[in-house]
Protein chains: 2
Amino acid sequence: MTVSRVLNEHAGVKASTRARVLAAVAELGYRPNSMARALVTGRSRVLGVVGFDTRLYGPATTLFGIEQAARDAGYTVRVTTLESTGQNSGEEVMRDLMSESLAGVILAAPHDWAAGALPHLTKGTPVVVVDVDIEQESAPVVGIAQHAGARQATEHLLSLGHRTVWHVAGPVDWPSAQARETAWRTTLTEAGRKAPAPLRGDWTARSGYEQGRRLVRRKDVTAVFAANDQMALGVLLALREAGLDVPGDVSLVGFDDIPEAAYFWPPLTTVRQDFDEAGRLALDLLVDQIEGAGVRDGLTVVEPELVVRASTGPAARN
Amino acid sequence: MTVSRVLNEHAGVKASTRARVLAAVAELGYRPNSMARALVTGRSRVLGVVGFDTRLYGPATTLFGIEQAARDAGYTVRVTTLESTGQNSGEEVMRDLMSESLAGVILAAPHDWAAGALPHLTKGTPVVVVDVDIEQESAPVVGIAQHAGARQATEHLLSLGHRTVWHVAGPVDWPSAQARETAWRTTLTEAGRKAPAPLRGDWTARSGYEQGRRLVRRKDVTAVFAANDQMALGVLLALREAGLDVPGDVSLVGFDDIPEAAYFWPPLTTVRQDFDEAGRLALDLLVDQIEGAGVRDGLTVVEPELVVRASTGPAARN
DNA sequence: GCGCTGGACGTTAACGTTAACAAGAGCTCC
DNA sequence: GGAGCTCTTGTTAACGTTAACGTCCAGCGC
């Protein structure tokens, strides 16, 4: 029908006819049925997004960025959130996704999980991965340059005169945690310093506190780099309880720059990640694929930025 | 076809036939096309969720709860996030939603916005509202008992001997902020105390800090109730910078019990809200409506809980 | 044996849209 | 003036599923 042509902005409709159609549409409050459209075209304007523990600030913000950008681009977002790795196999989740004729998929699970799930997508489905190092680059990846950020954090502490830097790391199965840890170790080694054994946390302030209590038992700790701001907060509390001053006795750097970090006591030196931007970028890449502008393969990188506040200072103690 | 009957678990299929169908389904990897199903039945297994600034801990967690419960119930979730009131009119968003033959809608926008949007849903669409006081109870509402929580917080401070309690309130257009403020004022009045003018924040730590700096100029402030934990964090920093001790000079209570609150310095006394649970409850109510178990109208309440930590103590100063 | 009943399964049409083709009007060009 | 072209609009069929009805056959009672 001519209505379809008008609404899809196909050429070959007289201006006067278009006007009449639009008038009727407005009068009747007509909205095209997206199901019928998806059925016949085989493609919907719905994007699948798989997120991982979206209660956390980073994932939540990325999701937010994706959703906002999707709406601007005329797409709709269907979200699946995973809480833990074991919970749902990649195969199962992907098969569920595939039966919904989605226009494309964003894997925003900053987790090894994503790498395992990727092969189960039906061939040809546009896909973008956020924040994971996929070995075989079978999909475009948007990542934040974790290495660069962790390097800046570590170098900042070294430049203040600290002999070495302790690290409270994130969970082993999160690639971003791995990247931060590796970069921290490399930076120390390159500077000719010995990297102490990292302390393993799980992103929560609680785990940061627990590892912080282990740190204060040693007398030689003057600089700590925590893999995220929440863990840094926990470390901060442990240091305080042990009567240590920050940054007088110990300097501390976090990662993420959550909105609260500037209001910690002392305000936290940290590495800002633009999660929002990563989400928007991922969406742009996906839409390019869907609308035929071609697959821009490889890695798109968002640069993090060291934000120096009051939790770091020159090495004094020791 | 018989396949449809088998997959929808309709009666009247011989056991042997059902087995053959299931075998074929497994072998071929057949998945029913949800678009086609939705087209013919007029109802999908997709739920629309409208969220409001899901970067914040509360909304993000509620969304998470909804999504998890939805998946358990065999539904899929399509998310729309709003950033600010003006951004999208209720009418526009609702009309977009309506053209997708959704099974139901959850308005998780803890905001006056939801009240305005409700009338634009097409009659008969199952709907549940989270965290808003809808005047005319045209929909079931899941709310957290803001009043009870704020009352507990205020009474706790009074019981410690504080003359009165100052309040750093949330934005005026959030009903939950209004409820907390009203309950705080009522509790003070009932106790025969004078309620000082509330200081208005916007949920951020930054706004808490700004209002905190105004508070420290006065010499008569011994107890502060902040409408959320982030603002409490900002207040904490302002107090610290002014050389005041918490809880020695000033007692401070927050609201929400974000996971970080227990690791503030000092650990924050606050009111725990179970956002997760609210989300799950909303989903249950919605599924009941959809599957014909009837509309349970009225208010479903999740009780908040005062968590006493180290940021409150007996009134000493003054 | 006949008709009736009910269980198991097949057939038809419809959901609302779009792709592909058909048709008609008006125009150009020789 | 008619063949052929273009520009616009209409018609047909198809996407994959389900509701409603139709058919077939076995079993039963008389």
Side-chain angles (χ1 to χ4, degrees), chain A residues 1-48 74-76 78 95-104 122-126 290-292, chain B residues 1-48 74-76 78 95-104 122-126 290-292:
Chain A
M1 146 106 79
T2 302
V3 177
S4 170
R5 274 187 273 256
V6 170
L7 296 180
N8 292 299
E9 292 174 4
H10 286 208
V13 180
K14 225 196 304 184
S16 65
T17 323
R18 166 179 300 125
R20 282 200 302 142
V21 168
L22 292 176
V25 163
E27 186 184 337
L28 302 173
Y30 166 85
R31 306 240 83 190
N33 180 314
S34 61
M35 303 292 137
R37 175 179 289 171
L39 183 60
V40 70
T41 60
R43 278 284 150 90
S44 62
R45 306 273 299 173
V46 180
L47 268 24
Y75 288 85
T76 246
R78 173 222 184 283
R95 288 188 61 160
D96 278 357
L97 280 180
M98 291 298 86
S99 65
E100 298 196 48
S101 16
L102 299 172
T122 56
K123 200 83 183 164
T125 307
I290 293 169
E291 298 179 355
Chain B
M1 146 112 72
T2 303
V3 176
S4 171
R5 274 188 271 257
V6 171
L7 296 180
N8 292 300
E9 293 172 3
H10 285 207
V13 180
K14 227 196 304 182
S16 64
T17 325
R18 167 180 299 125
R20 284 198 302 141
V21 169
L22 292 176
V25 163
E27 186 185 335
L28 301 173
Y30 168 84
R31 308 239 84 190
N33 180 315
S34 61
M35 303 291 136
R37 175 179 288 170
L39 182 60
V40 70
T41 59
R43 278 283 150 91
S44 63
R45 307 275 296 175
V46 180
L47 268 25
Y75 288 83
T76 246
R78 172 221 185 283
R95 289 189 60 160
D96 278 357
L97 281 180
M98 291 299 88
S99 65
E100 298 196 48
S101 17
L102 300 171
T122 56
K123 200 85 183 164
T125 306
I290 293 169
E291 297 178 357

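Treat the numbers as computed from the prediction; the structure is a model and nothing was measured. Hydrogens, waters and symmetry mates are skipped; everything else that's a heavy atom, side chains included, is used. Chain letters run A, B, ... following the sequence lines, proteins first and then strands; every chain starts at 1.
- With sequence neighbours excluded, no residue forms a salt bridge (charged side-chain N to carboxylate O under 4.0 Å, His left out) with A:R43.
- Separating the CG atom in B:L97 from the OG1 atom in B:T122 is a distance of 10.0 Å, to the nearest 0.5 Å.
- For the atom pair B:M35 CE and A:T41 OG1, the distance stands at 9.5 Å (nearest 0.5 Å).
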Problem - Heavy-atom protein contacts under 4.0 Å, nucleotides 8-17 of chain D, coded B base, S sugar-phosphate only, - none - result: SBBB--BBBB
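- Between B:L47 and B:I290 there is a side-chain heavy-atom pair separated by less than 4.5 Å.
- Sequence neighbours left out, the pairs with a member in residues 16-38 of chain B that pass salt bridge (charged side-chain N to carboxylate O under 4.0 Å, His left out) are A:D96-B:R31.
- Contact detail for B:S44 and B:A103: the closest heavy-atom pair is O-CB, 3.0 Å.
- Taking both residues in full, the closest heavy atoms of B:L39 and A:A36 are given as CD1-CB, 3.6 Å, listed atom of the first, atom of the second, then distance.
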Exercise for the section: For A:T125 and A:L102, run side chain to side chain contact (heavy atoms under 4.5 Å, CB included): C-alpha distance rounded to whole Å, both residues' side-chain angles, the deciding distance at 0.1 Å, then the answer. Expected result: CA-CA 8 Å; A:T125 307; A:L102 299 172; 5.9 Å; no
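- The heavy-atom pair separating A:V6 from A:V13 by the smallest distance is CG2-CG1, 4.0 Å.
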Check: protein-nucleotides 22-25 of chain D nitrogen or oxygen pairs below 3.5 Å:
none

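- Taking the salt bridge (charged side-chain N to carboxylate O under 4.0 Å, His left out) definition, one finds that A:R78 meets it with A:E100, sequence neighbours left out.
- From one end of the helix from C:dG1-D:dC30 to C:dC30-D:dG1 to the other, with five pairs defining each end axis, the axis direction shifts by 60° (rounded to 10°).
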